[in-house]
Protein chains: 2
Amino acid sequence: MTGDRSTRDRLLDAFETLVVGAGSRSATLDAVAAEAGVSKGGLLYHFHSKDDLVEGMLDRLRAQGEDDTVRMRQAPNGPVDFYLETSVDSGSDFDRALIATARIAQESDPRASAALADLREAWFGVLQEHLGDDSLARTIQLIGDGLYFDDTTGLADARALDHVRAVLRRLDVL
Amino acid sequence: MTGDRSTRDRLLDAFETLVVGAGSRSATLDAVAAEAGVSKGGLLYHFHSKDDLVEGMLDRLRAQGEDDTVRMRQAPNGPVDFYLETSVDSGSDFDRALIATARIAQESDPRASAALADLREAWFGVLQEHLGDDSLARTIQLIGDGLYFDDTTGLADARALDHVRAVLRRLDVL
DNA sequence: GTCTATACTAAGATAGAC
DNA sequence: GTCTATCTTAGTATAGAC
């Protein structure tokens, strides 16, 4: 068990990086292989098709998502602040997988949409459980979605999170 | 001045429809021409390239956006409710143009990002002016972004808007 | 102003050597 | 398990007829 990533993992990393950076359209087999430092044939040994690459990414995302909800429940500053903070892209592996998945979901891939929907349901569950208030939980989830959207569209505002915290304090949530 | 749309407009409509439905990758010249009921050659007479199609769409979006901020200022239930309501896709021409543009922005087209940023700045200006509160204006804008994001990712919740209104009433905004 | 035909290019995928 | 070479398809764009 060294820190080395397997070729398979490096290929998934490369795929996500390219999808995040320029859309799945630009994440061609050639580009993914080059980014991972592997030949196209090498890539196709691990993943039979581009579609297979998506499946592999979603499998990894699901595992990462389970870890995330556990951390959300146990977060020192509470699940709400944890959720908001992690809605802004911190550059983690999980963020990258999430952004890549959302992009692919928007290109009408039902498997990606389903994976995202599952994740969101889990997050909402933790928020609802903690707040005991559907409207508040939904609204906070929407704020998280907004932070996330702005980030991925290049519209991010550095002070956005502080503004949100100020408003949530008025609602006695933080 | 009849209700007929010019071929040029029908081509832009078709382009937006395809981008919204399946991403700009699927909005091929063949597909756009077919959707508009024109041959590929006919399309290329009006728009010299796919890129030209994007420019045409952005020009139209800017004009639609100016109309929208005027309506937002004059909305009977106030700008906040107008903004939130129009953040959910109502199927209007403007919504379609906006969703198409956001998708193209996410594929790293700086012109699309810039057009979106201008629109958002205008909306924020109206919210800020009406509320006199930066934190609240930003937070409401994020909620709108969240509503919009959920809509475009197939995660929309029919009751989301009601939940948001309930929370905003607690803040004496609505 | 719109059409058909076609050249060019890029991407996905396969086969088989090493 | 990874490589090179190659086939095939699909998409962009041009040329020129009508």
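Residue B:D51 contributes atom CG, which lies 8 Å from atom P of D:dA13 at whole-angstrom precision. Summarising the geometry, the separation between CG on B:L43 and P on D:dG11 is reported as 14 Å, rounded to the nearest angstrom. Here C:dT6 presents its C1' atom at 15 Å from CG of B:L29, a figure rounded to the nearest Å. Atom NZ in A:K50 sits roughly 9 Å away from atom P in C:dA13 (whole-Å rounding). When rounded to the nearest whole Å, the span between CG of B:L53 and C1' of D:dT12 equals 12 Å. Rounded to a whole Å, the CZ atom of B:R10 is 14 Å from the P atom of C:dG1. A straight line from CG of A:L11 to C1' of D:dG1 spans 12 Å, rounded to a whole angstrom. Note: CG (B:L44) to P (D:dG16) measures 16 Å, nearest angstrom.
More than 12 heavy atoms of other residues, nucleotides or ligands shown are found within 6.0 angstrom of CZ on A:R71. Within a 6.0 Å radius of CZ in B:R62, more than 12 heavy atoms belonging to other residues, nucleotides or ligands are found.
Phosphate proximity of D:dT2 to A:T7: present, with a side-chain N or O under 4.0 Å from OP1 or OP2. Between B:Y45 and C:dT2 there is no side-chain polar atom (N or O) within less than 4.0 angstrom of OP1 or OP2.
Of the possible donor and acceptor atoms, none in the side chain of B:D81 sits under 3.5 Å from a partner among the backbone N and O of B:N77.
Toward the 5' end of DNA chain D, the nearer of the two residues A:R25 and A:V38, judged by each one's closest nucleotide, is A:V38. In terms of position along DNA chain C, the nucleotide closest to B:G37 lies nearer the 5' end than the nucleotide closest to the other residue of the pair A:S26 and B:G37.
Between C:dG12, D:dT12, C:dT2, one nucleotide has an atom nearer to the side chain of B:H46 than all others, and that is C:dT2. Between D:dG11, D:dT14, C:dA13, one nucleotide has an atom nearer to the side chain of B:T28 than all others, and that is D:dG11.
Residue side chain A:K40 reaches the base of C:dG12 through a donor-acceptor N/O pair under 3.5 Å, judged by distance alone.
Note that B:R138 lies in the cation-pi zone of B:F124, set by a 6.0 Å cut-off to the ring centre and a 45° limit from the axis.
Using a 4.0 Å heavy-atom distance criterion, A:S39 is classed as a base contact.
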Pair A:L98-A:L119, side chain to side chain contact (heavy atoms under 4.5 Å, CB included): steps then yes or no: CA-CA 10 Å; A:L98 211 45; A:L119 265 170; 3.5 Å; yes
